[in-house]
Amino acid sequence: MTTLRIDPDRLRRDFDRLSAIGSTGDGGVHRPALGDDHLAARRWFRERIASDGLTLHQDGAGNHSAVLRSRDPGAPTLLVGSHLDSVPRGGRFDGALGVLAAYEAVRAVRDAGLELPVHLEAIDFTDEEGALVCLLGSRALAGTLSRDELDDPRCDLSTFEDRLRQADLTRQGILGARRDPKTLAGFLELHIEQGPRLISASAAIGIVTSIVGIGSFTLRFGGRADHAGTTPLDARRDAGRGAAELIVAANEIVERDFPACVINFGEMKFAPGAYNIVPESAELAVEFRAPDDDGMRSLEARLVDLARQQADRHVLDLQVRPQISIAPVPCATEVQSAFEAACQDLALPYRHLTSGAGHDTGAMALVCPSGMIFIPSSGGSHSPREHADWDACVAGASTLLHAVVRYVKEIP
Ligand SMILES: [Zn+2]
């Protein structure tokens with residue numbers, strides 16, 4: 001183990017070259033899935049794999065990877081990786097660092113001449129950010145993507161068709177990218193945290209325990225439009241007031257009673273919408289996230305209950321229309337243990353935390369033991385301000401490499 005190490009300079013060179021592709025000039029990158037700059041980044045990655053003498057693997061969903069084959073042809077595959085696409089004008093660390101750290105881990109294992117009981121594969125998943133279809137590549141590989149989703153992409157259909165054509169992909173190919181879970185030993189991912197918890201805790205590594213679930217619904221309060229000058233406050237059925245009080249109360253309750261959860265009222269619309277009319281209706285878009293099923297259920301029940309209380313108080317009707325619901329996904333304990341052992345090997349302070357954002361790990365965890373680490377990052381994320389200190393990136397890549405070795409030793 002002591003001779004096994006990543007090459008930080010080589011990793012840095014690759015990171016800087018990749019960051020220049022689709023650069024926004026202010027530290028960010030613009031690489032929406034299968035757009036010109038994303039395709040260029042993918043080409044760069046393939047060329048890198050070829051020039052390093054590793055085996056390139058591509059599937060019908062456009063996922064591509066560098067493979068270091070085990071001596072045993074029947075060995076399962078351990079996937080390590082993330083994504084090269086970005087949100088529009090996003091940061092250069094999100095996803096890209098995870099692909100390059102995985103790639104560096106593969107090179108380090110090869111350079112050390114280490115024989116692993118798995119085929120080790122550093123993978124770049126297509127469209128993690130969901131410009132076209134959410135988690136397209138990882139869900140295609142996991143076999144959880146449906147034909148319907150490909151017929152109803154998040155972008156307009158003609159854009160989707162164009163992008164597929166440019167990348168030489170077809171719906172049939174995407175659906176055919178599924179791999180038999182029996183061939184998969186697991187999936188490990190490194191990612192920037194995209195939040196402030198690791199820096200506040202002075203931890204070098206965050207070991208993710210679960211990817212949070214996401215629930216959302218539209219709430220509509222119905223009241224009565226009235227003259228805003230002549231109707232006394234206590235004689236109104238003010239839908240706006242009910243909505244506003246709900247927002248305040250719900251945030252207070254989540255802060256107090258659901259410390260592992262978050263809530264967001266992302267939109268509020270009043271109608272008719274004039275200075276001098278008491279709002280007849282108020283529509284709210286609310287989203288909440290919790291790390292486990294119990295949290296999802298109890299938080300949802302509490303929110304609906306709270307909305308009913310506000311409706312009663314202000315004599316309003318209430319409609320609740322559920323929108324998306326994504327179940328929380330726990331990370332495999334054996335992967336978490338491998339990351340813990342790696343942090344101990346490297347004497348890096350770590351803590352456990354949940355992921356408030358979706359990741360490829362969430363898709364992979366449904367079919368094979370999967371887990372991820374975060375490294376500290378600042379400046380928020382999904383913006384060119386996103387930043388991670390280079391030392392933190394190197395520590396993360398080293399942890400990933402050591403976790404790979406720790407993990408494969410435990411595979412029965
Ligand atoms: Zn990401």
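Here, residue 1 is the first one in the sequence, and each next residue gets the next number.
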*Side-chain H-bond candidate by donor/acceptor type, Ser158 with Asp156, under 3.5 Å*: yes
Here the pair of heavy atoms bringing Ile207 nearest to Cys343 is CD1-SG, 4.4 Å
*asked:* Is there a salt bridge (charged side-chain N to carboxylate O under 4.0 Å, His left out) between Asp26 and Arg89? Walk through the geometry before answering.
replied: CA-CA 10 Å; Asp26 52 1; Arg89 297 190 52 77; 2.9 Å; yes
Fill in: Main-chain N/O of Asp85 paired to Glu129 side chain as donor or acceptor, under 3.5 Å
no
Non-hydrogen side-chain atoms of Glu287 and Phe217 separated by less than 4.5 Å: no
All N/O donor-acceptor pairs, side-chain side in residues 171-185, below 3.5 Å, sequence neighbours left out:
residue	atom	partner	partner atom	Å
Arg171	NE	Leu150	O	3.3
Arg171	NE	Asp151	OD1	2.9
Arg171	NH1	Glu161	OE1	3.4
Arg171	NH1	Glu161	OE2	3.4
Arg171	NH2	Leu150	O	3.2
Arg171	NH2	Glu161	OE2	3.1
Gln172	OE1	Arg147	NH1	3.4
Arg179	NH1	Glu121	OE1	3.2
Arg179	NH2	Glu121	OE2	2.6
Asp180	OD1	Lys182	N	2.9
Thr183	OG1	Asp180	O	2.6

State whether Trp44 and Arg17 meet the cation-pi test: NZ (Lys) or CZ (Arg) under 6.0 Å from the six-membered ring centroid, and within 45° of the perpendicular axis. no
Q.
Taking Ala392's backbone N and O only, do any of them form a donor-acceptor pair with Asp389's side chain (distance below 3.5 Å, no angle check)?
A. no
Scan side-chain atoms only and decide if Asp124 and His83 contain a donor-acceptor pair under the 3.5 Å cut-off.
no
Pair Asp9 + Arg12: basic N to acidic O under 4.0 Å
no
> Would Arg43 and Glu47 count as a salt bridge (charged side-chain N to carboxylate O under 4.0 Å, His left out) if you check the C-alpha gap in whole Å, the side-chain angles of each, and the deciding distance to 0.1 Å?
Replying inline: CA-CA 6 Å; Arg43 266 194 309 279; Glu47 285 161 16; 5.2 Å; no
Separation between NE2 (His352) and OG (Ser210), nearest 0.5 Å, reads 11.5 Å
Taking it one step at a time, do Ser381 and Gln194 satisfy side-chain hydrogen bond (donor to acceptor under 3.5 Å, both in side chains)?
CA-CA 5 Å; Ser381 188; Gln194 305 174 286; 2.9 Å; yes
Looking only at heavy atoms, the pair that brings Asp72 and His119 closest together is O-CE1, 3.4 Å
Quiz item: Do Leu190 and Thr399 come within less than 4.5 Å of each other through their side chains, counting heavy atoms only?
Solution: no
When every non-hydrogen atom of Val404 is compared with those of Leu120, the smallest separation belongs to CG1-CD1, 3.8 Å
Taken to the nearest 0.5 Å, the spacing of Arg321 CZ from Ser216 OG works out to 11.5 Å
Heavy-atom closest pair (Ala40 atom, Ile21 atom, distance to 0.1 Å) is CB-CG2, 3.7 Å
Rounded to the nearest 0.5 angstrom, the CG-CE distance for Leu400 and Met372 is 10.5 Å
With a 3.5 Å cut-off and sequence neighbours excluded, list the donor-acceptor pairs that the side chains of residues 355-369 form with protein atoms.
residue	atom	partner	partner atom	Å
Ser355	OG	Ala357	N	3.3
Ser355	OG	Ala357	O	2.7
Ser355	OG	His359	NE2	3.4
Asp360	OD1	Ser138	OG	2.7
Thr361	OG1	Glu189	OE1	2.7

Exercise for review: Check whether any side-chain N or O of Asn63 sits under 3.5 Å from a backbone N or O of Asp59 as a donor-acceptor pair, and report yes or no.
Suggested key: no
>> Could you walk me through whether Phe125 and Phe187 satisfy the ring pair (Phe, Tyr, Trp, His ring centres under 6.0 Å) test, starting with their C-alpha distance in whole Å, then the side-chain angles of each, then the deciding distance to 0.1 Å, before giving a yes or no?
In response: CA-CA 12 Å; Phe125 284 119; Phe187 174 64; 5.5 Å; yes
Contacts satisfying side chain to side chain donor-acceptor pair (under 3.5 Å) that involve residues 95-109 (not counting sequence neighbours) are Arg10-Glu104, Asp14-Arg107, Asp52-Tyr103, Asp52-Arg107, Glu104-Arg107
Item to check | Phe15 and Phe93: CA distance, side-chain angles, deciding distance, ring pair (Phe, Tyr, Trp, His ring centres under 6.0 Å) verdict | outcome: CA-CA 9 Å; Phe15 183 73; Phe93 296 89; 5.0 Å; yes
Across all chains, not counting sequence neighbours, the side chain to side chain donor-acceptor pair (under 3.5 Å) partners of Thr218 are Gln323
Between the CZ atom in Arg46 and the OG atom in Ser65, the distance rounded to the nearest 0.5 Å is 11.5 Å
| message | I'd like to know if the side chain of His191 reaches the main chain of Ile375, judged simply by a donor and an acceptor atom lying under 3.5 Å from each other, with no hydrogens or angles considered. | response | no
Here the gap from His38 atom NE2 to Asp36 atom CG, rounded to the nearest 0.5 Å, amounts to 12.0 Å
Please test Glu149 against Ser146 for side-chain hydrogen bond (donor to acceptor under 3.5 Å, both in side chains), starting from the C-alpha separation and ending with a verdict.
CA-CA 5 Å; Glu149 289 173 274; Ser146 72; 3.2 Å; yes
- prompt: With distance as the sole criterion, is a donor-acceptor pair present between the side chains of Asp312 and His314 under 3.5 Å?
  reply: no
- Query: For the ring pair Phe221 and Phe270, is the centre-to-centre distance below 6.0 Å?
  - Reply: no
Between Thr159 and Cys155 the two heavy atoms that sit nearest each other are CB-SG, 4.2 Å
Worksheet item: Within the side chain of Arg406, is there an N or O that forms a donor-acceptor pair under 3.5 Å with the backbone of Glu340?
Response: no
Sequence neighbours excluded, the answer for side chain to side chain donor-acceptor pair (under 3.5 Å) partners of Arg110 is none
Between the CG atom in Asp16 and the CG atom in Leu100, the distance rounded to the nearest 0.5 Å is 10.0 Å
**Request:** Verify, without hydrogens or angle tests, whether Thr77 (side chain) and Leu79 (backbone) share a donor-acceptor contact under 3.5 angstrom.
**Result:** no
**Asked** Does the side chain of His30 pick up a donor-acceptor pair with the side chain of Asp37 at under 3.5 Å?
**Response** no
Heavy-atom nearest pair, Ser82 first then Gly95, reads CB-O, 3.4 Å
Side chain to side chain contact (heavy atoms under 4.5 Å, CB included) with Cys261: of Leu299, Asp292, Thr354, only one passes, and it is Leu299
Open item on the list: Quick check against the 3.5 Å criterion: does Arg163 have a side-chain atom that pairs as donor or acceptor with the backbone of Ala33?
Closed with: yes
message: If we ignore hydrogens and angles and just use 3.5 Å, is the side chain of Glu245 paired with the main-chain N or O of Gln310 as donor and acceptor?
response: no
*Answer yes or no: is there a donor N or O on one side and an acceptor on the other, between the side chain of Arg154 and the main chain of Leu132, under 3.5 Å?*
no
- request: Take Arg92 and Glu386, measure what salt bridge (charged side-chain N to carboxylate O under 4.0 Å, His left out) needs, and give me the verdict at the end.
  value: CA-CA 7 Å; Arg92 67 190 189 280; Glu386 168 189 295; over 6 Å; no
The complete set of side chain to side chain donor-acceptor pair (under 3.5 Å) pairs with one or both residues in residues 254-267, sequence neighbours excluded, reads Asp257-Arg302
